[in-house]
Protein chains: 2
Amino acid sequence: MQTQQASKIFEALSSGLRLDIFRLLVRHAPDGLVQGDIARRLDIPSTNLSFHLRAIVHSGLAHVEREGRFMRYKANIPLMLDIVAYLTEECCSGNPEACQRFRDASPAGRILPRRVD
Amino acid sequence: MQTQQASKIFEALSSGLRLDIFRLLVRHAPDGLVQGDIARRLDIPSTNLSFHLRAIVHSGLAHVEREGRFMRYKANIPLMLDIVAYLTEECCSGNPEACQRFRDASPAGRILPRRVD
DNA sequence: TTGATATTTCAACATTAGTTGATATATGTC
DNA sequence: GACATATATCAACTAATGTTGAAATATCAA
């Protein structure tokens, strides 16, 4: 993963609308949803949704495929996992004890990244 | 974690420069670095660095404290862990087998989020 | 082929972000 | 106090983003 790709991915998550869209797709992985489903669930005008879906797809965080006259969007879960690893992998480099302390202290710690070791 | 806060955090990571800055701070957690250290390591003009550090701090992803005439910036690791959880926590809702398949298939899978279960 | 539905593209506009150089503020040293 | 260093703020400009309504495209159904 390179900085440029990674920042593009975070940019795709940097609008509240796009974040809601992506999380909806993550929740509905691996099957995905068609555009109209997303529009209805999040109450976003079709035009604007199209614009944001385009950005998400362009970042690589989702794939599209035509399904008759519908367009089905699916979250790219492996890429999501990669970007999480990219962000966290060198945490507290050379100080694994400190790193473990952070994880233990976090209420979210139990579902959070663990070192390979 | 709310959408608004989360998208603000991702916005803080959405520029290549800020992402480099934050990852540098993560690598140097828990001690942090002073502004001049960051400027030298990443070769960013002081003015511009100040602008981006402000955005990172404003998002909550880092804290600052004065240290004589230096300003020391430290990554907020717990918040980083929270945002990772926020992004991934409802993955494949109601389909844990699919979710596990994604994790197993990812080369990054071993250091990536695991469900609480 | 005609009409209906799903989605995208386009044009226009308002808003916001990124960069730079000059200047200001705060701290430490002599 | 005078000066140097570290960092932040300001002003100005350029570029990019987000939103909307209208129009285009693609597919299906009759």
Side-chain angles (χ1 to χ4, degrees), chain A residues 2-25 28 31-75, chain B residues 2-25 28 31-75:
Chain A
Q2 306 184 27
T3 299
Q4 208 182 357
Q5 190 197 356
S7 61
K8 182 157 208 141
I9 291 170
F10 287 124
E11 192 190 337
L13 301 171
S14 71
S15 111
L17 233 47
R18 284 197 297 271
L19 186 52
D20 285 342
I21 295 167
F22 181 67
R23 295 216 319 144
L24 185 63
L25 292 178
H28 287 269
D31 298 339
L33 293 170
V34 299
Q35 209 254 27
D37 271 344
I38 302 170
R40 249 166 276 118
R41 285 169 202 255
L42 301 180
D43 193 30
I44 305 173
S46 171
T47 299
N48 198 17
L49 179 55
S50 218
F51 172 81
H52 288 296
L53 281 170
R54 193 176 198 283
I56 293 172
V57 168
H58 197 236
S59 78
L61 276 179
H63 305 295
V64 216
E65 55 195 55
R66 181 171 285 284
E67 198 171 82
R69 56 183 148 167
F70 302 87
M71 298 297 266
R72 179 167 293 271
Y73 289 84
K74 300 181 180 183
Chain B
Q2 306 184 29
T3 299
Q4 208 183 355
Q5 189 196 356
S7 61
K8 182 156 207 144
I9 290 171
F10 287 123
E11 192 190 337
L13 300 171
S14 72
S15 111
L17 233 47
R18 285 197 297 269
L19 186 51
D20 285 342
I21 294 166
F22 181 68
R23 295 218 318 144
L24 185 63
L25 292 178
H28 287 269
D31 297 340
L33 292 171
V34 299
Q35 209 253 29
D37 271 344
I38 302 170
R40 249 167 274 119
R41 285 170 202 255
L42 300 179
D43 193 29
I44 305 172
S46 168
T47 298
N48 199 16
L49 179 54
S50 218
F51 173 81
H52 288 297
L53 281 170
R54 192 177 199 281
I56 294 172
V57 168
H58 198 235
S59 78
L61 276 179
H63 304 294
V64 216
E65 53 195 57
R66 180 170 285 283
E67 198 171 83
R69 56 183 149 169
F70 302 88
M71 297 298 266
R72 179 167 293 270
Y73 289 85
K74 300 180 180 184

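A quick note: this is a predicted structure, and the numbers were derived from the prediction, not measured. Chain identifiers are assigned alphabetically (A, B, ...) following the order of the sequence lines, protein sequences preceding nucleic acid strands; residue numbering begins at 1 within each chain.
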Determine the contact category for [X]: base if any of its heavy atoms lies under 4.0 Å from a base atom, sugar-phosphate if only primed atoms, P, OP1 or OP2 are that close, otherwise nothing.
{"X": "Arg72(A)", "answer": "nothing"}
{"X": "Leu49(B)", "answer": "nothing"}
{"X": "Glu67(A)", "answer": "nothing"}

(message) Between Lys74(A) and Glu65(A), does any NZ, NE, NH1 or NH2 come within less than 4.0 Å of an OD or OE carboxylate oxygen?
(response) yes
(request) May I ask you to decide whether Asp37(B) forms a salt bridge with Arg40(B), counting only side-chain N to carboxylate O separations under 4.0 Å? (result) yes
Quick one: [X] [atom1] to [N] [atom2], roughly how many Å, whole number?
{"X": "Leu13(A)", "N": "dT17(D)", "atom1": "CG", "atom2": "C1'", "value": "16 Å"}
{"X": "Ile56(A)", "N": "dT7(C)", "atom1": "CD1", "atom2": "P", "value": "15 Å"}
{"X": "Ile44(B)", "N": "dA8(D)", "atom1": "CD1", "atom2": "C1'", "value": "16 Å"}
{"X": "Glu11(A)", "N": "dT16(C)", "atom1": "CD", "atom2": "C1'", "value": "13 Å"}
{"X": "Arg54(A)", "N": "dA16(D)", "atom1": "CZ", "atom2": "C1'", "value": "15 Å"}
{"X": "Phe51(B)", "N": "dA12(D)", "atom1": "CZ", "atom2": "P", "value": "17 Å"}
{"X": "Leu17(A)", "N": "dT19(D)", "atom1": "CG", "atom2": "C1'", "value": "10 Å"}

(message) If you only use heavy atoms from C-beta on, which nucleotide in dT9(C), dT27(C), dT19(D) is closest to the side chain of Arg66(B)?
(response) dT27(C)
(request) For the side chain of Thr47(B), starting at C-beta, report the closest nucleotide among dT7(D), dT19(C), dT9(D). (result) dT9(D)
Would you say [X] places a side-chain N or O within less than 4.0 Å of OP1 or OP2 belonging to [N]?
{"X": "Tyr73(B)", "N": "dA6(D)", "answer": "no"}
{"X": "Gln35(A)", "N": "dA6(C)", "answer": "no"}
{"X": "Arg69(A)", "N": "dA4(C)", "answer": "no"}
{"X": "Arg18(B)", "N": "dG18(C)", "answer": "yes"}
{"X": "His52(B)", "N": "dT19(C)", "answer": "yes"}

(request) Please check if atom CD in Glu67(B) has more than 12 non-hydrogen atoms from other residues, nucleotides or ligands closer than 6.0 Å. (result) yes
(request) Both distances under 3.5 Å, Watson-Crick or G-U wobble: report the partner of dC3(D), or none. (result) dG28(C)
(message) Whether the side chain of Arg72(B) engages the backbone of Asp31(B) through a donor-acceptor N/O pair (distance < 3.5 Å, no angle test) should be reported.
(response) yes
(request) Give me the one residue out of Val64(B), Ile44(B), Ile21(B) that meets side chain to side chain contact (heavy atoms under 4.5 Å, CB included) with Leu53(B). (result) Ile21(B)
